[in-house]
Amino acid sequence: MNPAQQAAVQATDGPVLILAGAGSGKTRVLTSRIAWLLDQRLARPWEILALTFTNKAAREMSERIAQLVDGSVRDMWVGTFHSIFARILRREAEFLGYGRNFTIYDSDDQLKVVQDCMERLSLKNGQLNPKRVRSAISNAKNAMLDPDTFATSDSGFIHEKLSDIYRDYAIQLKQSNAMDFDDLLLKPIDLFRAYPERLKVYQERFRFLLIDEYQDTNQAQFEVARLLAQEHANICVVGDDDQSIYGWRGADLRNILDFERTWTGTRIFKLEQNYRSTEVILEAAHAVVSRNQSRHPKRLWTQNGRGELIPLLVGEDESLEAALICRRILEHREQGGSLRDVALLYRTNAQSRALEEAFMRHGLRYQIVGGTRFYERREIKDLLAYLRLLVNSQDTVSLLRVINTPRRGIGDATIAQARAIFQREGLSFLDGVERFELLAELGRGAPGRLVEFGKLIHDLRSLMDSGKPTEVLELLLEQTRYIEHLEAEGPEGKARVENVRELQAALQHYEENSELGLAGFLEEVALVADVDGWDDKEDHVTLMTVHSAKGLEFPVVFVTGLEEGLFPLAGALDDPLQLEEERRLFYVAATRAMRRLFLCFARMRRRYGQAGGGMPSSFLDMIPEELLDRSQAGRLLGSGLRGSWRDAQASWQSDPHTKPGEPVRGGTPSWKPAPRVTSPPPPARPGFAGGELELDPAELPPPSRKPARADSKLGADRERAALLNQYSPFRKAEPVRDPSSQLAEIADPADLFPGAKVLHETLGKGVIIHLTGFGGETRVSVRFESVGVKKLVARLAKLRLIG
DNA sequence: CTTCGCTAGGTTTTT
DNA sequence: CCTAGCGAAG
């Protein structure tokens, strides 16, 4: 351990701020510090509270502590903010008028409540959009504004309506015995303020508080930490202002920048030696982030050596960008590297699609982290909603979700009437269902169906009390005939059934390893993050957003989609604060790399299916020339053309943070606000082209946008397909000369690619639109001439490639 | 009450 | 381009 690290570990008394740059051994310091506290008998395990942002980070921390000290980790509270405070809230629920079986609402559930409130307040078709409302409520909560305070914080018609909805929303949640994510941080504050003696209990208990990724805390987290630590002032926070990337979620950089002012007597330790990356990588990352105004000045250094230059990979479009990356990965593997070494990072989840297709085509194993999550799939949410309703009978969102799923003839009209009746009688929905006489006015069929539903829930609940969680789920599936319901959906349903099986397996696993039952399972499920599902043991390339990648490291990293408007994102371009966050995001991305960093972009990228222009990211301009390797791209993307990027950009983008005296090469001095010009269009850049292709991409035919109607361009498509496939280890695409003259073999799923023309035994000719690889099964969307678009399982579809 | 077909809007990032 | 969500018809 270096002297700075050692000092940080041993400064056990009073407030401590550890400014830990990327790769500076932050986790090591944090865990050693805990081990030190225990070794020196300064603290006993249960007196330590360590808070992280992801379960993965928490797990890693626990494991590493366990290696340092023996055994006693079990009594220590190490977990995410959300899980730790959920735990505290369950214990203290009665003080807040909640039941300890409260449900945690995710953002989907929140939206349902908001919509319900808006309907009730007749604001459904106004200018307020439910998602906006949801985010307004969330922002209010992050700023610790309750409905009353929020109401007086601003004025105007819209704000008034927002306040009304927020107030109703809070009431609905309470009535449903439910808390949203934000509540998990806010309610503890309410509790501690209203019941100082409860606060005291936790203050006494947690004499040592440690917080990881402190730069990402919001005001509520700041406050709850302050409350807990104010007694002993043994608060140690670790963070890096350059890695604050959750501003949009309410993270407040001031928390870390002002820490020493909040806590008198703060000792600050700076960890600036990086053990992860090469000098080249660090310099590139620094070149971008150092333009920010809001940061502690600092500079990482390393003894890892200079390292290799950063290749620039330029693809004609997103598919070719992906193909170039695949080629590099294949090279890496040929040189004895493992796929596990490699990560692809992107700004938005939508970018994963083109990359995924390329990986499939090249036969490279990959795992996408994030995107649509398992627990957010419809079939999973349906079943979880049943289980949630069993645990918490007041959970309205879940009730409304399952009451007519699968269809049992209880529609909106019935529900609305029944709700009205029960409300009048002061009954909860499920209680009301048991009062048959009240239901008479609902007409002929409805009462019976409602009672039947009530009985279903009743039976399931009795089994929950006596049996195992897996048995409950089994009975649920049986009674609702849910599997049959899914199977009736056709091929789509088959995959959903698989997901249900996975849920059963997950529940079984939980049951075998925990005592906490159904309620515990639901809590765990509610609080998983995308990264938590990431499997770092398997040999595959990892694809994820930059946000998900924080805290991770990989020997080889590709940062993709470095186009102005994508990374940095368009919405951030004219807001200095957001632009700073984008730069930090780039900094995070680049500093994930240990040995090798690649920067990639595409000259053209389809968005919403429409072609869009890709100007190289302004970040690329900030990186000193001598760090980049344009040896291959350089043929066409040479120094002479560099200015033209900037010229083009300068005409429509100004960079408010470029310091005077540091004019950007070839551009207008940008501290003088550049006029926002919409025309003329950026100058054409002939021959500004594609990376490392051996074929000159300038001679490449443009990709046809709509393969289905591209008959006249078939030749072009074929050539393009050949290019895309040229690196495939399995096969060289060999287009059939005359489609009608011969019947091709049934294609191996790995041979299929978007744009390929195929022949199906019964459905006839079609064109592949795209491929997906969920659950290890390649699925293929084909637009058939006869029947339109069909989704098929590639393995079973017996498709033949035709010319 | 359900089903079908159309359209508008969505892609920032997530506990 | 894709899909969720809405309105109209059965």
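Below, read A as the first sequence line, B as the second, and so on, with proteins coming before strands; counting in each chain starts at 1.
Among all heavy-atom pairs drawn from A:Phe181 and A:Asp106, the shortest one is CE1-CA, 3.9 Å.
One P atom belongs to C:dA4, the other to B:dT13, and the distance between them is 16 Å to the nearest Å.
None of A:Arg249, A:His82, A:Lys187, A:Lys141 except one satisfies the side-chain contact (heavy atoms from CB on, under 4.5 Å) rule with A:Asp182; the exception is A:Lys141.
Using modelled atom types, one finds no donor on one side chain facing an acceptor on the other under 3.5 Å when comparing A:Glu580 with A:Gln578. Side-chain contact check for A:Asp382 and A:Thr405: no donor-acceptor pair (N or O, by modelled atom type) lies under 3.5 Å.
Across all strands, A:Ile410 comes closer than 4.0 Å only to sugar-phosphate atoms, never to a base (heavy-atom distances). Residue-level contact check: A:Ala413 touches the backbone only, with heavy atoms under 4.0 Å from sugar-phosphate atoms and none from bases.
Under the 4.5 Å side-chain criterion, counting only non-hydrogen atoms from C-beta, A:Phe567 is not in contact with A:Ser617.
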Pair A:Thr348-A:Gln351, side-chain hydrogen bond (donor to acceptor under 3.5 Å, both in side chains): steps then yes or no: CA-CA 6 Å; A:Thr348 68; A:Gln351 290 164 251; 3.1 Å; yes

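Between A:Tyr375 and A:Phe521, the ring planes lie perpendicular to each other; the angle is over 60°, past the 30° to 60° tilted range.
With sequence neighbours left out, A:Glu223 forms a salt bridge (charged side-chain N to carboxylate O under 4.0 Å, His left out) with A:Arg193, A:Arg226.
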Heavy-atom protein contacts under 4.0 Å, nucleotides 10-15 of chain B, coded B base, S sugar-phosphate only, - none: BBBBBB

Can you give me the N/O atom pairs linking the protein to nucleotides 8-10 of chain C at distances under 3.5 Å, or say none if there are none?
none

